[in-house]
Every structure is written in C-alpha cells, then in structure tokens.
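Scroll down for the structure; my scribbles are underneath it.
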Amino acid sequence: MGQLSPEFFRRDAVDVARDLLGTRLLVDGVGGVIVETEAYDHEDPASHSFRGPTARNAAMFGPPGRAYVYRSYGIHWCFNIVCGADQTGSAVLIRALEPLAGLAAMQERRRMEDPRLLCAGPGRLTQALAITADHDGLPLDAPPFRLERGPTPEAIVAGPRIGITQAADIPWRFGIAGSRFVSRRFPATPK
DNA sequence: ACAAAGATGAACT
DNA sequence: GTTCATCTTTGTG
C-alpha cells in the first residue's frame, strides 16, 4: 500500500473527507486508521479560511497534501490536511483514529490506558501522535508522516460538524459506520 | 490597545 | 448536563 500522493488531496474537501475514512495515519510509526473527519472550505463561514489568508491559516492556502495545525482553546492542537487546488483554502480536520501502532507511546503521552480514549477527538489524537505547530505546513508524503490507503469501509455515516456555531447544519462530518473509536456518536439517520 | 471567541477535553454535580 | 483551564487570533475602537 503506497503513500497517498498530493493528487489525492487536489479536489473537493468533502470528497476527500469521505475518502480518507479507512486510511492509516502514522507519525513516526505511531497512529492508526482514520475513523472520523470533517470538511472545511473557504466558502464556509465555519472555516478558518473564510475571511481569507492570515498568519495562522497560511498552510490552508498552500499546496494540497500538507498539514495545517492550529491551537484550539489555548490548550490543544488540531490536525488538518490541506485540500483542493493550490490556494483554495480548504482542508479536512482529522477528528479520530482507531489506534493500531505504537499503543504504548500513545498511552504514555495521554496518561491513560483505554484505547477508546486515546485518539477519539481532534485534541486527543494530536496529543497521542505528538503533533504540534512544528508540523504545520509539512508535506504528508514524507517523514515523519505516513498515510496509506487501507480497505474501503463498508459504510460511512454523516452528520453536522462538532463545536461550531456558523453553518452548524451542514452535514460535513463523516465517520466509519459502527466504529467505537469516534469522538461522539452520529445522529441516527432517518430512513 | 483591548476584548471576545474559539473546528476541545476533563472533571464535576 | 455544567464549569473551567488556558492562550492565540482576530475584530473593533
């Protein structure tokens, strides 16, 4: 299974967000399978890129396939992958992983044992993988990162994004159906 | 210069 | 369900 190339990310963030589910993300060999994502683009009032380029969101307006890392609530780091053509200001927030590799390192960094709580949330997974501002702007097809496509999930679910006030009704949060490693359960989908 | 909000998580009632 | 730690970025005067 080869590395995902920048071309994989050179398209609509919503499509990338869906297609990233099932992909393995590793940082220095530590990580797991992406089970939850959210899409953001620059037409989107909830996105950091909505009001154009700034010092913080510079990576979002760079080439696709790179990291955008920002500080959240003064405490946590959040990890995104830049999408779209160059300078379009779209990205996918990685919200949760199913831990697979380097469990001991993650447990040490998170000071807890339960695999379900190691990477279930954007701030938790950056702590578990030791992602910080040092990674902002780095390409994801080179060390310390590794992104390898895995089996396509049987089914995915969608729902409103978490923790935003603008465009709170847009269902751009995606998850692997039935995963016990997501940050929160998805709303029941009416038939 | 200042204030407010924020793509969160943990602890607590 | 609520509170709060903690601090950068951004908008406003």
Side-chain angles (χ1 to χ4, degrees), chain A residues 9 12-21 23 25 27 32 34-62 64 66-84 88-99 106-138 140 156-176 179-187:
Chain A
F9 300 100
D12 191 87
V14 176
D15 294 330
V16 174
R18 275 192 286 250
D19 292 350
L20 273 176
L21 298 173
T23 298
L25 167 67
V27 180
I34 297 172
V35 298
E36 182 185 343
T37 60
E38 283 178 1
Y40 290 87
D41 76 38
H42 100 123
E43 308 261 295
D44 168 9
S47 173
H48 290 171
S49 59
F50 183 59
R51 293 162 207 272
T54 64
R56 175 176 65 165
N57 68 20
M60 275 188 96
F61 288 93
R66 298 198 181 208
Y68 166 47
V69 182
Y70 68 91
R71 187 142 356 231
S72 174
Y73 289 89
I75 306 169
H76 311 290
W77 297 104
C78 288
F79 170 73
N80 300 252
I81 303 180
V82 178
C83 295
T88 48
S90 67
V92 171
L93 172 68
I94 309 302
R95 288 192 55 91
L97 306 180
E98 175 174 347
M106 293 193 259
Q107 287 166 331
E108 166 88 16
R109 290 163 180 166
R110 292 269 302 128
R111 311 273 168 124
M112 60 173 65
E113 306 287 310
D114 187 351
R116 295 222 345 208
L117 297 176
L118 289 178
C119 300
R124 289 166 169 170
L125 83 86
T126 55
Q127 187 182 19
L129 304 204
I131 294 171
T132 68
D134 290 346
H135 298 92
D136 188 43
L138 294 185
L140 297 178
I156 68 175
V157 288
R161 293 171 294 180
I162 305 291
I164 56 172
T165 56
Q166 303 294 306
D169 51 321
I170 298 177
W172 281 359
R173 173 179 178 237
F174 304 99
I176 294 182
S179 173
R180 291 182 293 285
F181 296 92
V182 296
S183 63
R184 301 194 194 178
R185 281 200 282 280
F186 282 75

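Per chain, numbering begins at 1; letters A, B, ... match sequence-line order. Because only heavy atoms are used, hydrogens play no part in the values below, and waters and symmetry mates are left out as well, while side chains stay in.
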Under 4.0 Å between a side-chain N/O of [X] and OP1 or OP2 of [N], yes or no?
| X | N | result |
| --- | --- | --- |
| A:Ser47 | B:dA7 | no |
| A:Thr54 | C:dT10 | yes |
| A:Arg51 | C:dT10 | no |
| A:Arg110 | B:dG9 | no |
| A:Arg184 | B:dA7 | no |
| A:His48 | C:dT9 | no |
| A:Arg111 | B:dA10 | no |

**Q.** hbond_proxy A:Tyr73 side chain to B:dA5 base (donor-acceptor, 3.5 Å cutoff)
**A.** no

Q: Once you apply the 3.5 Å cut-off to both distances, tell me the Watson-Crick or G-U wobble partner of C:dT6, or none.
A: none

Q: Tell which nucleotide pairs with B:dA7, taking only Watson-Crick or G-U wobble pairs whose two distances are both under 3.5 angstrom.
A: none

Quickly work out the [X] [atom1] to [N] [atom2] distance and round it to whole Å.
| X | N | atom1 | atom2 | answer |
| --- | --- | --- | --- | --- |
| A:Arg95 | B:dG9 | CZ | C1' | 11 Å |
| A:Phe50 | C:dT10 | CZ | C1' | 15 Å |
| A:Ile75 | C:dA5 | CD1 | C1' | 5 Å |
| A:Glu36 | B:dA7 | CD | P | 16 Å |
| A:Leu125 | B:dG9 | CG | P | 8 Å |
| A:Tyr68 | C:dT8 | OH | C1' | 11 Å |
| A:Leu93 | B:dG6 | CG | C1' | 13 Å |
| A:His42 | B:dA7 | NE2 | C1' | 18 Å |

Q.
Whether the side chain of A:Asp136 engages the backbone of A:Ala133 through a donor-acceptor N/O pair (distance < 3.5 Å, no angle test) should be reported.
A. no

Q. Between A:Asp41 and A:Ser47, what is the shortest heavy-atom contact and its length?
A. O-CB, 3.2 Å

**Q.** Flag side-chain contact, heavy atom, 4.5 Å: A:Val82 against A:Phe9
**A.** no

Q) Does some side-chain heavy atom of A:Arg71 sit less than 4.5 Å from a side-chain heavy atom of A:Trp77? A) yes

Q | Intermediate values then yes/no, ring-ring contact (aromatic ring centres under 6.0 Å, His included), A:His135 and A:Phe79 | A | CA-CA 9 Å; A:His135 298 92; A:Phe79 170 73; 8.2 Å; no

Q.
Does A:Arg56 reach a base, just sugar-phosphate, or nothing at all? Heavy atoms under 4.0 Å.
A. sugar-phosphate

Q) When we call it a touch if two heavy atoms are under 4.0 Å apart, what does A:Ser183 touch: a base, just sugar-phosphate, or nothing? A) nothing

Q) Just how far is it from atom SG of A:Cys119 to atom CZ of A:Arg110, taken to the nearest 0.5 Å? A) 8.0 Å

Nearest-neighbour nucleotide for the [X] side chain, [options] considered:
| X | options | answer |
| --- | --- | --- |
| A:His76 | B:dT8, B:dA7, B:dA10 | B:dT8 |
| A:Ile162 | C:dG11, B:dA7, B:dT8 | B:dT8 |
| A:Pro122 | B:dG9, B:dA7, B:dG6 | B:dG9 |

**Q.** Position toward the 5' end of DNA chain B (nearest nucleotide), A:Gly123 or A:Arg71
**A.** A:Arg71

